[in-house]
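These notes concern the structure reproduced below.
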Amino acid sequence: MIAAVPMAHGLILAGCLFAIGLIGVLVRRDIIFVLASIEIMLNASGLAFVVAGSRWGQPDGQIMFIFILTMAATEVSVGLALALQLHGRLRTLDIDAASKMRG
Amino acid sequence: MLQLLWLVPALPFAGFVLLALSGRRLPDRWVPFIGVGSVGLSLLAAVLVATSFLAAPPPGYAYSQTLWTWMSVGSFTPGITLYLDALSLVMVVVVTFVGFFIHLYSAEFMAGGEGYGRFFAYMNLFVGSMLTLVLASNLLLLYLGWEGVGLCSYLLIGFWYQDSYNGYAARKAFVVTRVGDAALAIGLFLIFNSLGTLEIQDLMRRAAQQWAPGSALALSAAALLLVGALGKSAQLPLQTWLPDAMAGPTPVSALIHAATMVTAGVYLIARTNVLFALAPAVQLAVAVIGAVTLLLAGFSALTQWDIKRVLAYSTISQIGYMFLALGVGAWTAAIFHFMTHAFFKSLLFLAAGVVIMSLDEEHDMFKMGGLRRSLPLAFWTFLVGAASLSALPLVTAGGYSKESILYQAWAGQAGSPWLWAVGIAGAFLTGMYSFRMVFLTFFGEMKQQPSKKPSIDIGIPLVVLAALSIAGGYIDLPRTLGNLPILSSFLQNTLPPTVIAQPAIDTELVLGVIAGVVPLIGIYFAYLLFFQRRPAYADGPTRVARGGPLYRLWFAGWGFDWLYDRLIVRPFVWAARADKDDVIDSVYDGITRLNVVFNNLLSGTESGRVRWYAAGIALGAVVVIAIGVFA
Amino acid sequence: MTTADMTSLLPFIVMGATSIAVMLLIAVRRTHVAVLVTTLVGLAVTLIILPAVSSAGSRQVTPLLILDSYTFFYTGLIASASFAVALMAYPYFRDREGDHEEFYILLLLATLGSAVLVASNHFASFFLGLELLSVSLYTMLAYSHWRESSTEAGLKYLILAAASASFLLFGMALFYAELGTMELPAIIAALEGRVAYGGLLLTGVAMMTIGIGFKLAVVPFHMWTPDVYEGAPAPVTAFVATVSKGAMFALLLRYFIQIGVHTQASLFLMFGLIAVASMLAGNLLALLQNNVKRILAYSSIAHLGYLMVAFLASGPQAVAAVTFYLAAYFVTTLGAFGVVSLLSSGGKTEGWTNEYRDADALEDYRGLAAREPWLAGVFTAMLLSLAGIPLTAGFVGKFFVVAAGASAALWWLVIVLVVGSAIGLYYYLRVVVIMYAPFPVERRAITAPLSISLLGSVVLAVLAILLIWLGVYPSPLVSAIQAMVASLL
Amino acid sequence: MILPWIVAILFIGGVLAWVAGRLGPQWPRWVSMIVLLIHLALLVAIWAQYFGQLTLSSRGPWLIEFNQPWIPQVGISFYLAMDGLSLLLLLLTNLLGIMGVLTSWNAIKERVGFFHFHLLWILSGVVGVFLALDLFLFYFFWEMMLVPLYFLIALWGHENRIYAAIKFFIFTQASGLLMLLGIIGLYFIHGQSTGVYTFNYNQLLGTPLPASTALWLMLGFFVAFAVKIPVVPLHPWLPDAHTEAPTAGSVDLAGLLLKVGAYGMIRFLVPLFPQAAFSFAPVAMVLGIAGILYGAALAFAQTDLKRLIAYTSISHMGFVLLGIFAWNELALQGAVIIMLAHGLSTGALFILVGDIQERIHTRELGRMGGMWSTMPGMGTAGMFFALASLGLPGLANFVGEFLVLLGVYQVNVAAAAVATIGFVLATVYALWMMQRVFFGPNREGWKLPDVNAREATIYAVLMFFVLVLGIYPQPVLTTAKHGLDNVQRYVARELDGAPPFDSSAARLRSDNDHANPPSSDHRSRP
């Protein structure tokens with residue numbers, strides 16, 4: 001049985017992934033990529049759940065991961081639908097174009 | 001008949017209420033009947049009460065009549081109670097007597113003018129308040145009368161309200177006297193707090209028991225009462241308002257600023273004599289203030305060109321004599337001088353009123369002259385008044401009263417030769433300025449033709465007062481001249497007798513002669529300066545402009561007005577005006593501006609861009625985690 | 001799953017069934033009124049069976065849900081709120097083009113999601129309920145697709161909600177990693193003895209707070225609120241401001257008060273700073289705002305700050321105070337946004353551009369008292385309640401929150417509350433004054449008379465009466481709440 | 001059972017007036033007039049009925065009580081009670097209410113019903129405050145009376161009324177919240193120490209409080225009442241609110257709302273926190289004196305007549321603050337008399353300004369002057385009330401101010417002495433106002449109608465009361481005595497061991513050597 005990977009490593013990996021996703025959301029201007037980075041963030045937390053689950057040897061972590069996957073899917077689909085609508089109106093996918101309201 | 005006492009102050013008040021309510025509806029013909037009538041009835045009542053008082057003096061030589069308790073709060077229960085004794089009897093009779101004749105005079109003098117009813121309403125209110133002041137048995141009721149007369153002097157000085165100067169003079173009078181009243185009020189608090197009562201007779205008894213002579217309480221109480229008296233009686237340093245008070249109609253000056261109100265301070269000190277006896281230092285201060293005031297006022301009177309301002313300064317000077325008498329413990333002499341002064345000073349004012357009226361409101365003596373043939377009645381009565389003012393010996397009432405003051409200033413136990421010397425110098429000055437006034441107005445060539453002749457209504461008061469200015473003195477003849485001290489012995493029932501240090505007869509004789517001769521010298525000087533060498537100036541103001549610096553200083557009342565204006569009035573007005581928009585308000589405006597700044601700062605964060613919001617959340621996350629984990 | 005479990009689950013089942021019924025109805029024949037009626041009937045049935053079910057006592061149904069009187073009280077609150085939102089939505093969407101029926105499915109699903117949130121006893125149900133609510137919200141926010149700002153609002157909310165959801169999940173994961181269990185009672189038991197939480201646990205709680213903080217729109221996660229409130233259609237804004245925040249706060253209360261998270265000094269300070277920041281920033285941001293929806297958005301941030309003060313006080317007194325305050329806040333915010341939505345739906349407001357703009361500019365409200373005295377009266381009552389003036393529920397709510405704060409001697413928080421509400425007075429009164437200002441003559445000609453729908457005014461009337469009733473005689477509700485709280489702690 | 005009616009009549013009257021507004025402009029005026037007259041009849045009946053028994057021994061602390069549980073779970077009860085002090089202030093409220101209605105008889109043209117609705121609700125709020133003895137109910141009425149007055153100023157005010165209305169509202173509301181903290185703090189401390197959680201005034205009295213918390217709670221109350229009185233640093237809302245309010249508004253504002261603060265101090269602040277109040281007394285007295293002098297100085301400097309009168313009320317209420325914190329029989333009676341006298345005289349001055357403004361449509365002193373010639377009636381009234389406000393003996397204000405200073409002198413000599421300067425400054429501004437408005441040349445050539453019948457009756461009634469209160473204040477004093485004894489009942493008990501908190505009074509007394517007769521031992525409280 002391969003040597004058990006210590007939980008801390010797993011969590012650190014999940015943390016790095018999470019940070020990458022977050023930076024992606026902040027930096028990217030295209031809606032599609034923003035949605036992608038959100039996906040990364042969600043998967044990072046899913047990974048954390050799986051690692052935690054494996055530490056306690058319970059399936060709960062993986063069940064939560066499945067919930068997260070399904071939810072991520074719904075989010076992205078709704079997100080793409082909204083992006084489509086925005087593109088229809090503004091002819092651009094630039095997220096900053098959608099900032100008519102301020103102040 | 002003593003029960004009628006309450007009628008004496010009530011009648012003038014009733015007159016005031018009637019005139020105030022009727023307002024403009026009452027035709028001018030009826031106004032004097034109410035105005036003069038009410039004071040006349042009050043005089044009648046006073047005389048009745050006086051006769052029954054003298055005939056059968058009530059026990060303890062005092063009669064007290066309580067109308068109702070004004071207020072009762074815990075141990076503080078002042079009542080509206082009238083107290084009649086020898087002192088207040090003299091005051092009541094003089095006030096009502098002089099008041100009645102001045103009302104008679106003003107019935108004709110003020111006729112035809114606008115606000116005739118209003119004038120008599122205020123005059124009646126004044127007489128009522130003065131009588132309340134004089135008859136009050138406790139200091140609170142005295143304070144009510146005290147402020148009442150101050151109010152009426154304000155209303156009457158500012159009677160011709162169209163001219164804003166009169167308004168200024170009236171406000172000045174009320175504010176300056178109000179300063180004195182504030183001190184008096186503090187005196188009242190001190191007395192009540194320490195003695196537990198404001199009833200004058202009780203507080204004097206308790207003060208004698210509890211306060212050691214010269215103790216802090218006695219000194220401060222007497223000092224506060226003195227400041228109150230200074231304010232009302234226009235003595236140093238609160239005398240600046242009286243010369244400006246001449247802006248009011250002449251009968252007002254005669255009644256209020258000569259005969260009655262200004263002597264309220266004298267009455268207060270005489271009434272609370274025990275407190276002053278307990279504080280010898282303050283009593284000495286009274287004498288010194290009196291002496292200094294009579295000198296300064298005398299010099300100032302010498303330089304005035306307005307006939308009424310001369311009389312105003314002369315009043316300040318004569319009251320200085322009364323304060324001198326009170327200071328040296330000559331209580332009865334002070335009251336005697338008050339009585340004679342009331343007669344001859346109101347006479348002078350009324351006669352001057354006739355001159356002013358007939359010369360179409362001309363006040364400048366240098367523009368008058370040679371009126372003795374055209375206004376004989378005014379001339380002769382004015383002459384009698386001036387003689388009595390300058391205390392011609394033997395003949396005039398003023399002579400007797402001033403002579404007794406001067407004698408007791410020298411011989412009195414608290415007196416001193418210095419005070420006497422100042423008194424004599426004052427007498428010299430009085431003789432000089434009073435006859436300067438006579439020569440300038442009535443002698444020399446006629447500059448203006450008098451237009452109106454005074455009628456009978458004005459004549460009677462002049463003649464009566466002239467008679468009293470002459471005969472008034474015989475009521476209290478000193479030892480050297482017939483020894484008939486009727487008034488003093490009568491007053492001794494209330495006021496303590498004066499303690500004479502060396503009662504030697506010859507000193508009294510010598511002093512009497514000196515007191516008689518000095519005014520004559522003064523008159524002679526006036527004759528030299530103002531009768532033989534006719535002054536070349538066309539009018540008063542040029543005379544002052546040409547006068548030397550000392551002359552201008554005296555004209556401006558020794559610069560007190562200038563000093564107070566610089567010291568108090570200007571800074572207060574500047575400070576108030578500078579802070580008009582309330583600096584504290586700007587503090588709150590500052591707070592609101594701070595809020596607006598924060599608002600702009602924060603609403604900057606609402607940039608509308610999603611990535612900015614995400615950054616906000618990320619930053620917030622870092623901060624929250626940092627605090628959550630490490631704090 | 002015994003029959004007893006099923007009966008206590010009945011309200012949730014009914015809500016789910018109604019949404020399905022609505023879907024079927026749309027498939028059969030698309031009529032707006034019928035859909036509305038079914039939704040209302042469904043919600044009404046849920047409300048009716050609630051008291052019956054809650055009398056059966058609290059039961060744990062599957063490790064996910066705990067159905068005690070606390071849950072049923074909040075479910076009742078949420079259901080009645082969405083009932084009101086549905087009634088407001090009908091006149092709002094009636095004369096706008098595009099099909100409106102799907103809105104009610106989303107509304108029902110969102111309500112179900114909130115109900116699950118309130119009943120949550122396990123991280124899984126927490127997450128499921130949250131996502132069910134969020135996803136249906138994305139589309140509700142973007143529902144008036146003919147208006148670009150609505151799509152923008154939906155998109156912004158989606159991106160930020162997803163991001164914060166991932167924070168939440170990561171927090172849960174850390175919790176799970178540390179304690180090995182995701183059930184609330186087990187967590188409480190595990191943390192019972194522990195005095196100092198480990199680093200992992202603290203980070204976990206902090207990460208979860210970020211997710212929850214976003215949903216409650218407390219500072220520093222509040223920046224999305226004004227744009228989303230302004231962009232979304234008025235009834236949806238009402239829903240977001242009340243149900244989504246209310247449900248999340250109920251969950252926060254259940255979880256963190258039972259865990260006793262405030263006993264940790266660092267966490268207490270964290271929540272305290274969040275509360276202070278929200279109270280001050282919320283009020284300060286609204287000061288010079290000229291858009292009514294944005295003013296109400298900022299004011300709701302501030303009100304959440306006030307709620308946090310009571311939450312930090314913790315103990316039965318605090319839970320009762322929070323619950324009453326939430327009830328009062330629901331009534332007031334629904335009323336306020338109800339007026340906005342009614343005005344936006346009553347025909348063409350003046351200055352109409354091609355896209356149907358909601359009546360949210362302050363100028364739309366100038367002289368409203370002259371034109372619509374009753375509407376202006378209701379809106380004034382709601383604003384005064386937000387400001388905490390007597391005769392309104394807001395006053396009694398604020399009194400209970402301050403009492404809770406004072407009882408726990410959180411003097412510095414209570415002082416900030418006083419300062420915040422003093423600042424807040426300014427912009428509430430600003431709106432009130434504009435309504436009673438004289439209506440300029442030149443605008444009078446070009447403004448068509450508003451045809452206010454009967455349905456909408458009935459809702460507002462009921463809300464106004466409820467507001468005054470809670471303000472003047474709140475003791476029945478207070479006793480109900482105190483009974484409910486006794487069951488929770 | 002009569003007490004809730006006293007509050008409810010005005011409440012319902014307000015709604016009736018609003019409804020009557022639909023029928024026509026003159027209806028609401030008559031409705032509010034009738035409602036106020038009924039209210040007056042009720043009050044006078046109570047006063048007549050209990051006048052004989054106005055001592056604590058005969059009637060106990062409260063003339064009438066009404067106690068009904070309101071929110072029992074939290075210990076809040078609808079507890080109204082009336083004693084001598086509140087009866088007097090209710091009579092003042094009613095009188096000024098009638099004056100407010102009379103003076104705005106034809107001044108208010110549009111939305112008359114709505115106007116009278118607010119007017120009567122302010123009065124019902126104030127009546128509620130004077131009667132409430134449950135601290136929560138007191139706070140409830142305290143906040144409730146703000147809203148109608150806010151609307152009164154914001155809708156019927158003058159030029160920048162919105163600024164003034166919002167400023168007034170925020171000042172009072174924010175300080176009210178601080179008082180709420182005080183109330184709740186006291187509620188919990190009492191609850192923890194005695195187990196009984198209640199807002200009932202009688203039970204909260206005498207709660208044992210540690211000194212520092214007592215001070216903080218007392219300060220919470222003090223700030224709220226100080227904003228209302230107003231005490232100097234917290235006063236800037238008053239001049240704006242007065243200047244912009246319609247005449248009826250400023251009459252009620254000056255006459256009633258200022259008294260609420262003073263009443264609150266006498267009823268709640270000192271009895272609930274006696275030790276803290278007396279350790280705070282020197283500071284409060286300094287603030288009182290500052291109020292007197294600052295108010296008078298600023299009144300003199302104003303160019304807007306109504307603003308001038310607003311500042312004068314700051315000066316007058318400075319005396320009240322002084323009197324309350326001297327806390328002996330004389331000072332308290334004086335404070336009550338000043339409250340009544342200030343309500344009457346300053347209310348009358350505001351009506352006068354309103355009438356002048358109706359005629360010349362401006363309040364600028366620069367444009368007035370010489371109006372006595374065209375309006376002697378108005379001039380006499382103005383003179384009378386100006387003299388009342390400068391404290392002329394024989395009129396009401398003097399009695400109050402003299403008693404206050406007499407009482408304060410026993411406690412703090414320096415304070416009394418400096419406050420007496422207030423007399424002089426009062427003379428300065430009162431006469432300055434008369435000069436600028438009525439005397440002097442008629443530069444603008446005003447030809448104005450003199451006082452008409454309605455205005456004359458208002459002035460006559462107010463003059464009558466000011467005069468009677470000045471000449472024969474005894475019935476008012478005995479009624480107030482009942483209230484004040486009731487209030488001092490608790491404090492006296494607390495203060496047995498209190499040191500004389502002003503050394504100067506003690507030093508002065510120790511100087512004189514003779515033994516003092518008992519009367520002057522002012523340390524023994526009644």
Side-chain angles (χ1 to χ4, degrees), chain B residues 71-74 76 182 189 568 570-631, chain C residues 152 155-160 163-164 167 170-171 197-211 213-214 218-228 261 264-274 277 280-289 294 297-298 422-423 426-427:
Chain B
M71 51 184 119
S72 84
V73 179
F76 176 63
F189 304 146
I568 302 165
R570 291 241 174 103
F572 174 73
V573 169
W574 173 81
R577 295 256 159 81
D579 188 28
K580 174 165 133 31
D581 298 333
D582 203 349
V583 65
I584 299 177
D585 202 5
S586 56
V587 166
Y588 293 99
D589 291 345
I591 292 173
T592 38
R593 267 195 303 279
L594 199 68
N595 278 337
V596 168
V597 160
F598 277 128
N599 172 282
N600 297 340
L601 214 65
L602 283 171
S603 54
T605 62
E606 294 297 329
S607 64
R609 287 195 302 281
V610 179
R611 295 189 302 114
W612 175 267
Y613 297 159
I617 290 183
L619 187 69
V622 166
V623 166
V624 160
I625 294 170
I627 295 171
V629 174
F630 300 112
Chain C
E152 182 187 318
L155 196 63
K156 280 185 184 174
Y157 188 73
L158 181 137
I159 294 166
L160 298 176
S164 61
F167 268 104
F170 205 95
Y197 286 12
L200 214 59
L201 254 183
L202 286 175
T203 337
V205 171
M207 298 278 267
M208 281 178 72
T209 318
I210 294 157
F214 167 79
V218 279
V219 167
F221 320 105
H222 66 289
M223 298 189 185
W224 58 275
T225 326
D227 292 1
V228 167
V261 79
Q264 295 301 311
S266 60
L267 294 179
F268 184 85
L269 180 66
M270 177 181 76
F271 282 113
L273 287 180
I274 288 177
L280 292 180
N283 285 314
L284 282 172
L285 275 164
L287 270 184
L288 301 177
Q289 192 44 255
R294 291 185 86 94
Y298 291 132
I423 299 171
Y426 177 74
Y427 56 82

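A note on names: the letters A, B, ... follow the listed sequences, proteins ahead of strands, and every chain is numbered from 1.
- At a 4.5 Å heavy-atom cutoff, the contact between C/Ala281 and chain B is made by backbone and side-chain atoms alike.
- Counting heavy-atom pairs closer than 4.5 Å to chain B, the top residue among C/Ile210, C/Asn283, C/Val205, C/Thr209 is C/Ile210.
- Among residue pairs with one or both ends in residues 611-631 of chain B, none qualify as ring-ring contact (aromatic ring centres under 6.0 Å, His included); sequence neighbours excluded.
- C/Ile274 contributes atom CD1, which lies 7.5 Å from atom CD1 of B/Ile627 (distance to the nearest 0.5 angstrom).
- Across all their heavy atoms, C/Ser266 and B/Gly628 have their closest contact at OG-O, 2.7 Å.
- Taking both residues in full, the closest heavy atoms of B/Ala621 and C/Phe221 are given as N-CE2, 3.9 Å, listed atom of the first, atom of the second, then distance.
- For C/Tyr197, no part sits under 4.5 Å from any heavy atom of chain B, backbone or side chain.
- Only the side chain of C/Ile159 has a heavy atom closer than 4.5 Å to any heavy atom of chain B.
- Among residues at least two apart or in separate chains, side chain to side chain donor-acceptor pair (under 3.5 Å) pairs with a member in residues 573-584 of chain B are B/Asp579-D/Tyr294, B/Lys580-D/Thr303, B/Asp582-D/His235, B/Asp582-D/Tyr294, B/Asp582-D/Tyr311.
- Nearest heavy atom pair, residue B/Gly620 against residue C/Pro220, reads CA-CG, 3.5 Å.
- Counting heavy atoms from C-beta on, the side chains of B/Arg609 and C/Met223 never come closer than 4.5 Å.
- Residues of residues 584-598 of chain B placed with any heavy atom under 4.5 Å of a heavy atom in chain C are listed by number as B/Asn595, B/Val596, B/Phe598.
- In this structure, chain B has a heavy atom under 4.5 Å from the side chain of C/Leu273, while its backbone stays farther away.
- If you take CD1 on B/Ile625 and CG on C/Leu202, they are separated by 11.0 Å, rounding to the nearest 0.5 Å.
- Of all heavy-atom pairs between C/Pro226 and B/Glu606, the closest is CG-OE1, 3.2 Å.
- Between B/Asn600 atom CG and C/Leu284 atom CG the span is 10.5 Å, to the nearest 0.5 Å.
- Using a 4.5 Å cut-off between heavy atoms, C/Ile423 contacts chain B through its side chain alone, with no backbone atom that close.
- Residues that satisfy the salt bridge (Lys or Arg N to Asp or Glu O under 4.0 Å) test with B/Arg611, not counting sequence neighbours, are A/Asp96.
- Of the listed residues (B/Leu619, B/Leu601, B/Leu602), the greatest number of heavy-atom pairs within a distance under 4.5 Å of chain C belongs to B/Leu602.
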